[in-house]
Number of protein chains: 2
Amino acid sequence: MGVKERRAREKEQLRQQILSAARELFVTEGYENVSMRKIAAKIEYSPTTIYLYFKDKAELLDSVCKETLLNLLDTLERLNRDKSDPLETLRKSGRAYVEFGLKHPQEYKLTFVVRPQFQQGLGLEEGSVGEKVFNYLCAMVFECIRQKVFRQMDVEMTGQVLWAAVHGVTLLLIDFPDFPWSEKDALIDMVLQTTIEGLKG
Amino acid sequence: MGVKERRAREKEQLRQQILSAARELFVTEGYENVSMRKIAAKIEYSPTTIYLYFKDKAELLDSVCKETLLNLLDTLERLNRDKSDPLETLRKSGRAYVEFGLKHPQEYKLTFVVRPQFQQGLGLEEGSVGEKVFNYLCAMVFECIRQKVFRQMDVEMTGQVLWAAVHGVTLLLIDFPDFPWSEKDALIDMVLQTTIEGLKG
DNA sequence: GATTTAACTTATCAGTGTTAATTATACCAG
DNA sequence: CTGGTATAATTAACACTGATAAGTTAAATC
């Protein structure tokens, strides 16, 4: 019964082909400027074939974003966490988050800006990869509190404060590249430093 | 020679009519889902008439955003600033900023998210209203430093840190309404409190 | 070898931003 | 009041868009 499996494999392969063509185009041209026809041309299939694999353009975006979130989560989890210095770990994670956004600005915007615009606020629902990213942040906050580097406070809310900080600076730097920002690295450091300082016990 | 003036007045009137129809539709339906034809239908003119008043759809968005920024600036400037308590003034301004965003979520997104997507990063150029909003923030930071409530530091960079914080929390709350945020007011307060605490001398 | 099933394409629809050509309107000089 | 002119607004059209239904081809099963 290897036939069905082979067919399934082939199907999955085309699915991936569509997906990576879509991401490449979304990133280089912007979601708005990419048509189903362009994606189809890139993989040399007819436009309607895509609809056999994805419900519509939004679902295509959805899948691309899911991959991005997986990448982000992976980037964060790869950081060698030093349990004995939770503050430094948190700082490094914050930096990694922002740098991920700046390294893949289009993907970051697709995930955290474009997607919620086209599907009302999805991407962080229970069990989602987005939620896992947030939980990762919270885990580090928890560790800082446990070791009394941070004062006693609501872990979730603190995670949200941190998230707001890194999300804010990331988007500003991406969206307004011509604004006379202070030196980029110094700014990111200051955002993290300020937030961390403000959370200390 | 009152004819020319009247004609100019009428022209300006129609321009405003187009603009307010556009904003209303942008806000209720979202920029993407509003067509020039819909705007035209709303004001009962032919679609192409709009092009006599605005170069294209992006310029229409541009003008709507400029108005939004003026509103935001006005909202901030109306706050009665208490020179003797620059910290409280700063906190109040921060709150006002976030609340403006939450009160007009679509307008906020149009201005700070959609526009930079359709025109690369415009809106904060020299002399723009956007820049004035940022300068307003900086002026308050400067006052806090001058009165030695904040430690000595780069005013611009500090302003950017503050902006990142309020921008971040505003967008998160708007874009992911279904996420289990902590109580909204408490979260905003904590963002402001944390940032301010982190900047103190 | 016939039949079922899956994969893919063609043709088409209603709607998009935008431009060029055209018509209608309001003004002014004689 | 008339004829001409400038300006405002419209009609028609173009090259696209996302999406669907119907049709076609190729492969696998019996």
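Atoms considered below: every heavy atom in the structure, side chains included; atoms not considered: hydrogens, waters and symmetry mates. This structure is a prediction, so every number in the text was calculated from the model and none was measured.
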remark   = side-chain contact (heavy atoms from CB on, under 4.5 Å) filter on B:P86, not counting sequence neighbours, yields B:E143, B:C144, B:Q147, B:V149

inquiry  = How many whole angstroms separate atom OH of A:Y51 from atom C1' of C:dA7?
reply    = 17 Å

query = Looking for any heavy atom pair under 4.0 Å, which part of the strands does B:I50 touch: base, sugar-phosphate only, or nothing?
reply = nothing

ask   = Can you tell me how far P of C:dT18 sits from NZ of B:K55, to the nearest Å?
value = 8 Å

message = Can you measure A:N33 atom CG to C:dT18 atom P for me and round it to whole angstrom units?
response = 12 Å

ask   = How close or far is atom C1' of C:dC8 from atom CD1 of A:I43, stated in whole angstroms?
value = 11 Å

query = Taking CZ from A:R15 and C1' from C:dC8, how many angstroms apart are they, rounded to a whole number?
reply = 18 Å

Considering only distance and modelled atom types, tabulate donor-acceptor pairs under 3.5 Å from the side chains of residues 60-67 of chain B, sequence neighbours left out.
unit_1, atom_1, unit_2, atom_2, d
B:D62, OD1, B:R115, NH1, 3.0
B:D62, OD1, B:Q119, NE2, 3.0
B:D62, OD2, B:R115, NH1, 3.4
B:S63, OG, B:E59, O, 3.1
B:E67, OE1, B:R23, NH1, 2.3
B:E67, OE1, B:R23, NH2, 3.1

request  = Report the distance from atom NZ of A:K57 to atom P of D:dT17, rounded to the nearest whole Å.
outcome  = 9 Å

ask   = Just checking B:L60: base, sugar-phosphate only, or nothing, at a heavy-atom cut-off of under 4.0 Å?
value = nothing

query = B:M36 CE to C:dT19 C1': how many Å, rounded?
reply = 12 Å

query = Does A:Y53 have a side-chain nitrogen or oxygen under 4.0 Å from the phosphate oxygens OP1 or OP2 of C:dA7?
reply = no

task = State yes or no: are the ring centers of A:Y108 and A:H167 separated by less than 6.0 Å?
result = yes

Residues in contact with DNA chain D, drawn from residues 23-30 of chain A - heavy-atom cutoff 4.0 Å = none

All N/O donor-acceptor pairs, side-chain side in residues 194-201 of chain A, below 3.5 Å, sequence neighbours left out:
unit_1, atom_1, unit_2, atom_2, d
A:T194, OG1, A:M190, O, 2.6
A:T195, OG1, A:V191, O, 2.7
A:E197, OE1, A:Q193, NE2, 2.9
A:E197, OE1, A:K200, NZ, 3.4

Within the sub-3.5 Å range, which N or O atoms of nucleotides 10-12 of chain D have a protein N or O partner, and how far apart are they?
unit_1, atom_1, unit_2, atom_2, d
D:dT10, OP2, B:S46, N, 2.8
D:dT10, OP2, B:S46, OG, 3.2
D:dT10, OP2, B:T49, OG1, 2.4
D:dT11, O4, B:T48, OG1, 3.3

query = Are A:R9 and A:E12 within salt-bridge range, i.e. N to O under 4.0 Å?
reply = no

ask   = Considering heavy-atom distances to DNA chain C, does B:Y31 or A:K11 have its closest nucleotide positioned more toward the 5' end?
value = A:K11

key: Partners meeting ring pair (Phe, Tyr, Trp, His ring centres under 6.0 Å) with A:F54 (sequence neighbours left out)   = none

note = Sequence neighbours excluded, the answer for ring pair (Phe, Tyr, Trp, His ring centres under 6.0 Å) partners of A:Y31 is A:F26, A:F118

message = Just to verify, what does A:K132 make a side-chain contact (heavy atoms from CB on, under 4.5 Å) with, not counting sequence neighbours?
response = A:L73

key: Atom-to-atom span, CZ of B:F54 to P of C:dT19 - whole angstrom   = 15 Å

request  = Sequence neighbours left out, what passes ring pair (Phe, Tyr, Trp, His ring centres under 6.0 Å) with A:F100? Give chain and number order.
outcome  = A:H104

query = With no angle test and no hydrogens, is the base of D:dG18 tied to the side chain of A:R37 by a donor-acceptor pair under 3.5 Å?
reply = yes

